[in-house]
Amino acid sequence: RIGAGTTGRTTAKVSALQGLRYRELVRRHGVETARRYAAAQLAALEWMDQTVRSRSIDCHWERRPALTYATDARSQREVDEEREAAAAAGLPVDQISPALPFPTTGAVVLTEQAQFDPLAYLDGLADELDALPGAAIFEGARVRSVRGVGRPTVVTDLGSVVAQTVIVATLLPITDRGLFFARAEPKMSYTLALAVDGPLPSGMYLSASSPTRSIRTAWRDDEEVLVVGGGGHTVGRSSPTSAEYEALEAWSNEHFPVREVLERWSAHDYVPADQLPWAGPSSPLTSSVLVAGGFQKWGMTNGTAAAMVLADRVLGRSDGPSAPWASTFDVLRASAHGLEETVRLNGGVAFEMASGWIRPPTDDGGRRRRVVCSHLGGICRPNDAEGTWDCPLHGSRFAADGSVVSGPATRDVGR
């Protein structure tokens, strides 16, 4: 269902400044790749801004500054390096002392970024699509697989569909072409919405130090509330997960006059081994099955940029809007840094596979229980905060009754 996954659970920052991203990109890939990545983020931001305004989508779209802030000497060095790398990538960043209710040592800031309500935004896009002749949105049918090369077949639990071109945009592509599950790490993060008695911060903030803390405001009915996110771990590899919410609430109470915790939720995303997103053919064998993913927790801009890449490809536009930076999203790329990180990721997967079978986790009743992931047979672990069983191999999640919550698994436990 539209917005039922990570998009509906995001902190919804639309920003080209993304924590310490450019420092890492320059180190791994060089300044030119960082420049193309930054250009993609800015192009996505402007596309969203124009879309919201031209279509009058009521989604609380607000232009706000984005800041990455430091709280100690070490994180300040990292923030300084990020400012230099982001400037080299072409972003008009600046140094600032952030106005926050706790001590900081400085921040890098990029003005005129944005925040919004992603579900209202998606509703606006869906309404427009519904109005187009020949276009249709179908919800409530789970896709099980995508088969074939020339004219691919989409197999669902209600029947099959044959198409000229298929785009698989399922957070992590569910097709095993491209082995995406072996090229990225599933990361879980947590968020609280809080009613606060007192002034609210005016920007979108992200800490450079650990544990990560993300701060912004949002609208709940007619009240502006505080949204605090952070913590996080590899999916299925931390217990109890309720401790993450407790830590966020304690931190929020320490620094803000919190009146009430209004909502709490979690989301997970995939961080590619080489830190760059994907948009393009799922494998060298076919150009008719396209994928998008690997947005590394910055899906608002990366998802939009990926859509621009895929639109240009489907329409045969070699000089389309994404042409200057589309290579950054190349699915079939290879890099030494990516290979080294992929080996590390899959070493961890092998350990989790073996340890899960040797000593299965306990359920809420203290009994050892093997809940076997339908993707590649990993032993899932209980997520007490969400009431799910999460696979520590590649991030598939299942409800208490064994039904799939999120992939790459597409079948329920035991099927």
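We use all heavy atoms of the structure for the numbers below, so side chains are in, but hydrogens, waters and symmetry mates are not.
A side-chain N or O of S288 and one of T286 form a donor-acceptor pair less than 3.5 Å apart. Using modelled atom types, one finds a donor on one side chain and an acceptor on the other under 3.5 Å when comparing D72 with S75. For the residue pair Q115 and T217, a side-chain donor N or O sits within less than 3.5 Å of a side-chain acceptor on the partner. R36 and S327 share a side-chain donor-acceptor pair at under 3.5 Å. Side chains of Q18 and Q41: a donor-acceptor N/O pair is present below 3.5 angstrom, by distance only. Under 3.5 Å, the side chains of T6 and D269 contain no donor-acceptor pair of N or O atoms.
Ring-plane geometry between F180 and W278 is classed as tilted, the angle between the planes lying from 30 to 60 degrees on a 0 to 90 degree scale. Ring pair F256/F102 is perpendicular by interplanar angle, where above 60° counts as perpendicular and below 30° as parallel.
Side-chain atoms of F329 and M308, non-hydrogen and from C-beta on, never get closer than 4.5 Å to each other. Within the 4.5 Å cutoff, the side chain of S322 has no heavy atoms near those of the R313 side chain. Looking at R74 and S209, their side chains never come closer than 4.5 Å, going by heavy atoms from C-beta outward. A heavy-atom distance below 4.5 Å is found between the side chains of L100 and Y205. Residues D274 and H29 meet the side-chain proximity criterion, which asks for heavy atoms closer than 4.5 Å.
Residues W61 and F116 bring their aromatic ring centres within 6.0 Å.
Between D390 and R397 there is a salt bridge, since at least one side-chain N of the basic residue sits less than 4.0 Å from a carboxylate O of the acidic one.
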Can you check salt bridge (Lys or Arg N to Asp or Glu O under 4.0 Å) on R83 and D80, steps first, answer last?
CA-CA 5 Å; R83 186 180 69 255; D80 290 342; 3.1 Å; yes
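Checking side-chain atoms of D412 against main-chain N and O of V404 turns up a donor-acceptor pair under 3.5 Å. A donor-acceptor contact shorter than 3.5 Å links the side chain of S374 to the backbone of R411. Listed for the E185 side chain is no donor-acceptor partner under 3.5 Å among the backbone atoms of A273.
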